[in-house]
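First the structure, in the form of structure tokens, and then the observations on it.
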Amino acid sequence: MLAYVTTNPGKVREAVDYLGDDVAQLDFDYAEIQSADLGPIAARGAREAYRHADGPVLVDDAGLFVDALEGFPGPYSSYVEETVGIERVQTLVAAEDEHRAAFRCVLAYCDGEGFDASPDPIDRADRTEAAATGPDDGSSAELPVKLFEGVVRGRIVEPRGDGGFGYDPIFEHNGKTMAEMTTEEKNAVSHRGRALAKFAEWYPERSDAE
Ligand code: IMP
């Protein structure tokens, strides 16, 4: 059984829809380090979650990156959703000439073992990340983590739709907001769907080898 690490049931719905019943939510709130990139945040979270779960984990870190706001709110998307709210983010973007944005998702997989060389990025907690993450407790800083990334581009619009979660009502892709899509429709085009597709292609070999 693979633990999908998130406190967000919306993400789990999408993951189960993609990966099937071999995945279960692990409601574990790992410490989020500060970084401009999602990769190191997810990698660090995967190491912490692996220590906690003592089994294979997949951490999902995602965010909204608005072109006109130099990528804001990016890694701070969750904090901004809770404090500012998505309606005010939309108002902020509406005042700009450019409304394009991207959703990004990084899935970080850790099962305590190493990985063969592959085109997908592997985070080995190198010096750069160690500097970014600050002191670790030393117990698993060297645990390898494999990263799977997905991106979808769209534009910020006035809120529409009741589905999805988070920023979905203000993110339009191909004429529909993500909140106007079914889970299947969203997965077919979304940042998470794209990252999950890469993971789902790689994972069977890994789980067979266990
Ligand atoms: P986190 O990855 O759980 O930290 O999520 C970061 C923020 O982005 C939260 O405010 C989420 O609601 C939001 N978010 C993550 N994925 C999505 C998505 O697929 N649609 C809309 N908002 C999302």
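Read the numbers this way: they start at 1 and go in the same order the structure lists the ligands and their atoms. Computed from a predicted model, the values in this text were never measured in an experiment. We count residues from 1, following the sequence as given.
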Using 4.0 Å as the upper bound for N to carboxylate O, is an ion pair formed by Glu149 and Arg194?
no

Side chain, backbone, both or neither: which part of Glu32 has a heavy atom under 4.0 Å from ligand 1?
side chain

Can a non-hydrogen atom of Asp168 be found less than 4.0 Å from any atom of ligand 1?
yes

Looking only at heavy atoms, the pair that brings Thr177 and Arg160 closest together is OG1-O, 2.6 Å

Within ligand 1, which atoms have a heavy atom of His191 less than 4.0 Å away?
16 (N), 17 (C), 18 (C), 19 (O)

Nitrogen or oxygen of Glu14 less than 3.5 angstrom from that of ligand 1
no

Looking only at distances, please establish whether an N/O atom of ligand 1 is found under 3.5 Å from an N/O atom of Leu64.
no

With under 30° as parallel and over 60° as perpendicular, where do the rings of Tyr109 and Phe199 fit, or are they tilted in between?
tilted

Could you list which atoms of ligand 1 come closer than 4.0 Å to a heavy atom of Arg192?
15 (C), 16 (N), 17 (C), 18 (C), 19 (O)

Counting only heavy atoms not in Arg153 (residues, nucleotides, ligands), do more than 12 fall under 6.0 Å from its CZ?
yes

Does even one non-hydrogen atom of Met178 get within less than 4.0 Å of ligand 1?
no

Do Asp60 and Tyr4 get their side chains close enough for a donor-acceptor pair, meaning under 3.5 Å?
yes

From the candidates Tyr167, Phe165, Tyr79, the one that places a heavy atom nearest atom 17 (C) of ligand 1
Phe165

Could you say whether the N/O atoms of Lys11 and ligand 1 ever approach to under 3.5 Å?
yes

Show which atoms of ligand 1 fall inside a sub-4.0 Å distance from at least one heavy-atom site of Glu81.
9 (C), 10 (O), 11 (C), 12 (O)

Numbering the atoms of ligand 1 from 1, which are under 4.0 Å from a heavy atom of Lys186?
18 (C), 19 (O), 20 (N)

Less than 3.5 Å between some nitrogen or oxygen of Asn8 and one of ligand 1, yes or no?
no

